Amino acid sequence: MACRSSPFLRVERIMSEQSPPYEHAALERRWQQRWHKERSFAVAEHSDLPKYYVLEMFPYPSGRLHMGHVRNYSIGDVIARFKKARGFDVLHPMGWDAFGMPAENAAIANGVHPSRWTRSNIAAMRDQLQRLGLSYDWDREFATCDAEYYRWEQTIFLELLERGIAYKKGGLLNWCEPCQTTLANEQVEDGCCWRCGNLVTQREMEQWYLRITDYADDLLAALDELSGWPAAVTSQQRTWIGRSTGASIFFELEDSAQLEGLEGGIEVFTTRPDTLYGCTFMSLAPEHPWTRKLAAGTPQEEAVNAFVDRMGTTDRAQRMDEGAAKEGLFVGRYALNPVNGRRIPIYTANFVLADYGTGAVMAVPAHDQRDFEFADKYGIEKLVVIQPDGEALDAASMTEAWTGAGQLRNSGPHDGLSSEQAKQAVVAELEAHGRGKAAVNFRLRDWGISRQRYWGAPIPVIYCQTCGMQPVPADQLPVQLPEDVVLDGEGGSPLARHEGFWRTECPSCGGQARRETDTFDTFMESSWYFLRYCSPQYLGGMVDAEAAARFLPVDQYIGGIEHAVMHLLYARFYTRLLRDLGHLEVAEPFRQLLCQGMVCHETYRSEDGQWLYPGEVDISVAESGRTAFRKSDGSGVRIGRVEKMSKSKHNTVDPETFIERYGADTIRLFCLFAAPPHKDLDWSEKGVEGCYRFLCRVWKLAHQRSELLGAAVDPSSLELGEAATELRHRVHQTIDRVTRDIDERMQLNTAIAAIMELLNGLSAFHTTNGVPRDLNEGDAAVFVEGVQVLLMLLSPFAPHLSDELWSMFPGDKLLEDSPWPNSDPAVAAARTMTVVVQVKGKKRAEISFAVDASEEEIKAAALVHPKVVRFLGDAPPRMVKYVPGRLVAIVPGT
RNA sequence: GCCCGGAUAGCCCAAUUGGUAGAGGCAGGGGACUUAAAAUCCCCUCAGUGCGGGUUCGACUCCCGCUCCGGGUACCA
């Protein structure tokens, strides 16, 4: 056990006497300081080099890095370092998504001010990031809680307000009680708050919105062009935007004269105008503005009011649960079907959503499953108007709705049309009579951006009793968040209780006025931070136009998929807004998106069902399988499945511990090696040890031959032996493999595997039976070239160790300033090839050829190979196919 | 239910996109070194690709029909 947690002991053991110990802690600190001193990762803003912008989703400053962060940033760092070596001017920044509720909750719980809490967390996490050796240009760092950051958000908000993109309205809102704030629709997952996981309720409130729905079509259509995004994300956004085409139809009331304001009738949206002739009733959402009004004065009035009241107090999730029974009530009045004049009863129904479409539905029970069930329950007539091929539907005997296509019947002039044709024909009929039109409907709602919390950017408006709502004048920006607030978790928004903040003068009349006390949704800040990195100190606006033109869009964005329809949708929207306001040229912020997989770990539970941390458990491996015991008392432990690391299940490991034990290079390497970036990664301490061992072997290889490294000779001018030629070929091939794996395939795990292979090759080459052998001049030159290449290829993954060993070569240039190696195509090309001979698809022989052997030559050799001849028989072969460089496939004659 | 993914050795993961199933790591076994153990070094075992069909000279790869796992989404009219 002792050795398991004593890496230094282990290092000494791994190292033979001829190598100095690999002291990763001191070594890594030294190189981090050197990079810092030389500003190795500063962006050359005006260089002639092509730019490359790599960005990882910036973290919320919780105070501690978790493995998900480490993985995310390690991936980004490889790309950043690689692109830099490939000659790009790389922008690779880092900052802090610093507003948000944890800070405020911590303040309520512990009395620490959110600002102090946040700043000290930032300091701690910055330190952790720096100890990972990530290649950020730290001069560009900022936190979104900096007034100099959010002032531009306030500025833009005022521009949006002027253009009517930002507006305020009242209505039912998502309310999270534990968080004491409203939430945007995107931030409600499965009826629960995305942050705290508690059930979201509905509440009638006023708040600010951004008209994202104006951009719905554009946001949707442009997804098709985002070929660099994972389909999982674009498809989620498509679903979320939820565009459906159909018709908007007006149903007049039977006695509309009696109801003021309903002269045009009730509007419904449908995707199935072809079924209009089959409409036998109408359903309104309980919250529909006409539900109560229609019932008023009818015998149904009292019952309808009671129903609406009950629905209002029924939990939304419960009411909308699909298992919930259809329920409704006749409202006491009739409407007229605009195409056939049929008198249809109007119902209110629990399953009709107030905020989708118009909150009113034309019900076609024969062709919609929900309407079918409702009609069954309340004895409403079903009318078949779509007849599927080869089947005669009969309303009386149907057991479920027919929702597919078919031929029209009972539909007046449209009988005989296909449902597709009828969709257009019915719309045309409606349009001719002014009773409806083709329409598109979206599921997407406007983005609610007000939050009733303190730790956010103030919304820069003022309310005056006489002048109404007034924007804060530009010269009074930023509206600073006051520091001196009472945070006790009581009595609603802290700013609303801070008189010094809200009491102000009307900018228009100078009279007494009140500031808005809600703050912005923190997704507002993360919707443009990538832009600010282009010119983080710019004082003239959000971004310096020249810097934006140079660096945008982000070439490679990396982060978790959990933001598929929150951050990533808002950022696309916001970028469009800024383009339309003239601040930007681009519409899409992120050219390529990589969503890394989760970091997972086995779970452990004690006999009494408690979750245990991996550190509390010992595991022994026997033939019968693995068994686990609790370290403290040796009691049995149940090994559970591998799951995403989470605090609640205690299956987390702390990056800090592992960095101390093995070093940042090892941890980075493991995160990149154990799985391809987009897939889930199973944390394995054994695997970490394997990566550590690999780095130790690299270390040892260089030190074993340190005397050679100081005097590199170009091997291309030397006469090389067989083994040296072969090794050199492998070295150059490895350059090609690693380059392609990083650049084209984003397959970092196989890039590392190739580097490991190269190490194995170099080790075998310079030793005999594990002991260093004598190398001639050619051998030495090839070996040294191999070590050089190895370090260059390794440097994006394990930069500290690579730099340390690189310094054994002459010159004092950092690897960070050295170009990526180029392979010599002549050397990388194989000299011989092994061709497999298959007879009827079965491998029968292998033959070696020079790479320039001709097809005829190869086919001929294959056909006379003794192992092949046996399977051919006497007749001439029916087919002989040559796949260049790979195989000869033969089908014998009969 | 629908829409995405995924399933290859005891485990993680490769396979140049239809051409020799195995690169890399872990675990396991053997050997060298050692008084011994550990460490280190060298060597080795193990699957025929979730299941059933099909196309093909040839299928992990393409087609059809399933199973299981993961993710998203759902009275959206």
Side-chain angles (χ1 to χ4, degrees), chain A residues 3 9-16 189-190 230-236 238-240 242 244 246 268-272 283 319-324 326 349-353 355-364 368-371 373-374 441-443 561 564-565 598 621 623 625-626 641-642 670 673-676 678-682 684-691 693-694 696-697 700 737 740 745 747 749-750 752-757 759-760 763-764 767 769-771 834-843 845-846 877-881 883 885-892:
Chain A
C3 67
L9 271 179
R10 170 160 292 187
V11 174
E12 282 162 18
R13 285 166 175 165
I14 293 172
M15 296 303 154
S16 57
E189 294 174 343
D190 232 2
V233 176
T234 49
S235 89
Q236 275 188 62
R238 263 185 210 103
T239 309
W240 186 258
S244 37
V268 304
F269 172 76
T270 180
T271 54
R272 296 294 305 270
S283 318
R319 192 182 119 195
M320 285 301 155
D321 180 40
E322 201 173 352
K326 306 267 175 298
N350 62 342
F351 63 89
V352 180
L353 299 166
D355 57 1
Y356 182 78
T358 61
V361 180
M362 68 175 221
V364 185
D368 181 285
Q369 187 57 28
R370 295 153 301 181
D371 298 340
E373 289 167 30
F374 195 84
N441 192 54
F442 290 93
R443 199 171 85 108
I561 198 169
V565 282
M598 300 180 298
V621 183
E623 272 184 39
R626 301 162 69 239
R641 30 181 262 172
V642 175
F670 175 76
F673 177 62
H678 65 276
K679 281 213 200 169
D680 287 354
L681 178 152
D682 288 351
S684 145
E685 182 149 3
K686 288 288 184 194
V688 174
E689 280 181 16
C691 289
R693 249 192 311 262
F694 164 71
C696 290
R697 292 181 62 208
K700 196 162 121 185
R737 281 173 66 188
R740 203 171 67 91
R745 308 203 310 156
Q747 192 94 349
N749 54 329
T750 50
I752 295 169
I755 298 171
M756 289 175 165
E757 236 178 297
L759 172 71
N760 292 345
S763 297
T767 56
N769 296 324
V771 180
T834 305
V835 173
V836 167
V837 187
Q838 283 184 350
V839 181
K840 284 181 82 175
K842 286 200 169 63
K843 176 184 165 185
E846 263 182 29
R878 197 143 49 92
M879 185 201 86
V880 181
K881 187 178 173 171
V883 180
R886 302 196 157 275
L887 62 65
V888 177
I890 303 170
V891 182

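Note that this is a predicted model, so its numbers are computed, not measured.
For the pair Phe351(A) CZ and rA74(B) C1', the computed distance is 15 Å after rounding to whole Å. The CD1 atom of Ile890(A) sits 19 Å away from the P atom of rG19(B) (whole-angstrom rounding). Summarising the geometry, the separation between CD1 on Ile561(A) and P on rU73(B) is reported as 10 Å, rounded to the nearest angstrom. A straight line from CH2 of Trp240(A) to P of rG72(B) spans 13 Å, rounded to a whole angstrom. In this structure, the CG atom of Asp368(A) is 13 Å from the P atom of rC75(B), given to the nearest Å. Rounded to an integer number of Å, the gap from Lys700(A) NZ to rC42(B) C1' is 12 Å. Here rA74(B) presents its P atom at 11 Å from CG of Leu353(A), a figure rounded to the nearest Å. As rounded to whole Å, 7 Å separates atom P of rA77(B) from atom CZ of Phe269(A).
Annotation: side chain to side chain contact (heavy atoms under 4.5 Å, CB included) contacts of Ala754(A) (sequence neighbours excluded): Thr734(A), Arg737(A), Val738(A). In this structure, Glu189(A) has no side chain to side chain donor-acceptor pair (under 3.5 Å) partners at least two apart in sequence or on a different chain. Listed by chain and residue number, Val836(A), Glu846(A) satisfy the side chain to side chain contact (heavy atoms under 4.5 Å, CB included) test with Lys843(A) (two or more places apart in sequence, or in another chain).
rU49(B) and rG54(B) have their P atoms separated by 15 Å, with the value rounded to a whole Å. Distance noted for atom P between rG48(B) and rG10(B): 8 Å (whole Å). With both ends at atom P, the span from rC75(B) to rC69(B) equals 24 Å, rounded to whole Å. Between the P atoms of rG53(B) and rA59(B), the separation comes to 14 Å (whole Å). When the P atom is compared between rG65(B) and rC2(B), the two are found 13 Å apart, to the nearest whole Å. Here the separation of rU61(B) from rU55(B), taken at their C1' atoms, is 14 Å to the nearest Å. To the nearest whole angstrom, the two C1' atoms, one in rC12(B) and one in rG31(B), are 27 Å apart. rA77(B) and rU67(B): their C1' atoms are spaced 35 Å apart (whole Å).
Shown here for Gly885(A) and Val835(A), the closest heavy-atom pair between the two residues is C-CG2, 4.4 Å. Across Arg697(A) and Leu759(A), no two heavy atoms sit closer than the pair CB-CD2, 3.6 Å. Of all heavy-atom pairs spanning Ser244(A) and Phe269(A), the tightest one is O-CZ, 3.6 Å. Residues Asp680(A) and Met598(A) share a closest heavy-atom pair of OD1-N, 2.9 Å. Nearest heavy atoms, Ala889(A) versus Leu887(A): N-CD1, 3.8 Å. Scanning both residues, Ala360(A) and Val268(A), for their nearest heavy atoms gives O-CB, 3.5 Å.
For rU56(B), the base adopts the anti conformation, since its glycosidic angle falls more than 90 degrees from zero. Nucleotide rG10(B) is shown with an anti base, its glycosidic torsion being more than 90° from 0.
Pairing for rA39(B) is absent, judged as Watson-Crick or G-U wobble with the two contacts each under 3.5 Å. In a base pair of the Watson-Crick type (N1 to N3 plus N6-O4 or O6-N4) or a G-U wobble (N1-O2 and O6-N3), with each distance short of 3.5 Å, rC33(B) is matched with no nucleotide. Pair check for rG70(B) finds rC4(B); Watson-Crick or G-U wobble, both atom distances under 3.5 Å. Pairing partner, rU61(B): none, since no Watson-Crick or wobble contact has both distances short of 3.5 Å. Nucleotide rA15(B): unpaired (no Watson-Crick or G-U wobble partner with both distances less than 3.5 Å). Base pairing of rG48(B): no nucleotide in any strand meets the Watson-Crick or G-U wobble criterion (both distances under 3.5 Å).
In this structure, the separation between CG on Asn760(A) and CZ on Phe694(A) is 8.5 Å, given to the nearest 0.5 Å. We find the OG1-CZ distance between Thr750(A) and Arg745(A) to be 4.5 Å, quoted to the nearest 0.5 Å. Atom NZ of Lys840(A) is separated from atom CZ of Arg878(A) by 8.0 Å, given to the nearest 0.5 angstrom. A distance of 10.5 Å separates CD1 in Ile752(A) from CZ in Phe670(A), rounded to the nearest 0.5 Å. Rounding to the nearest 0.5 Å places CZ of Arg443(A) at 5.0 Å from CH2 of Trp240(A).
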At a cut-off of 3.5 Å, list every protein nitrogen or oxygen paired with a nitrogen or oxygen from nucleotides 68-70 of chain B, distance to 0.1 Å.
from	atom 1	to	atom 2	distance (Å)
rG70(B)	OP1	Arg641(A)	NH1	3.1

Short N/O separations, protein against nucleotides 24-26 of chain B, under 3.5 angstrom:
from	atom 1	to	atom 2	distance (Å)
rC26(B)	OP1	Arg693(A)	NE	3.1
rC26(B)	OP1	Arg693(A)	NH2	2.6

Dump every N/O contact between nucleotides 58-61 of chain B and the protein below 3.5 Å, one line per pair.
none

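In this structure, the nucleotide among rA14(B), rC12(B), rU20(B) sitting nearest to the side chain of Asp682(A) is rC12(B). Between rA77(B), rG19(B), rA15(B), one nucleotide has an atom nearer to the side chain of Arg745(A) than all others, and that is rA15(B). Candidate nucleotides rG19(B), rC13(B), rC76(B) were compared by shortest atom distance to the side chain of Arg443(A), and rC76(B) ranks first. For Val836(A), whose side chain is taken as the heavy atoms from C-beta onward, the closest listed nucleotide among rG19(B), rU20(B), rA77(B) is rU20(B).
As judged by a 4.0 angstrom heavy-atom cut-off over every strand, Val268(A) is placed among residues making no nucleic acid contact. Using a 4.0 Å heavy-atom cutoff across all strands shown, Thr271(A) reaches sugar-phosphate atoms only and no base atom. Contacts of Pro230(A) with the nucleic acid, taken as non-hydrogen atoms under 4.0 Å apart, are absent. Gln747(A) comes within contact range of the sugar-phosphate backbone alone, with a heavy-atom separation under 4.0 Å but no base atom that close.
For Lys326(A) and rC75(B), a side-chain-to-base donor-acceptor distance below 3.5 Å is present, hydrogens and geometry of angles not being considered.
At least one test fails for Lys326(A) against the ring of Phe374(A): distance under 6.0 Å to the centre or angle within 45° of the axis.
Contact check, Arg370(A) against rC76(B): a side-chain N or O comes under 4.0 Å of OP1 or OP2. For the OP1/OP2 pair of rG71(B) and a distance below 4.0 Å, the side-chain nitrogens and oxygens of Gln236(A) include no atom meeting the criterion. Distances shown here put a side-chain N or O of Ser244(A) below 4.0 Å from the OP1 or OP2 atom of rA77(B).
A residue-by-residue look at Asp355(A) and Val835(A) shows that Val835(A) has its nearest nucleotide of RNA chain B further toward the 5' end.
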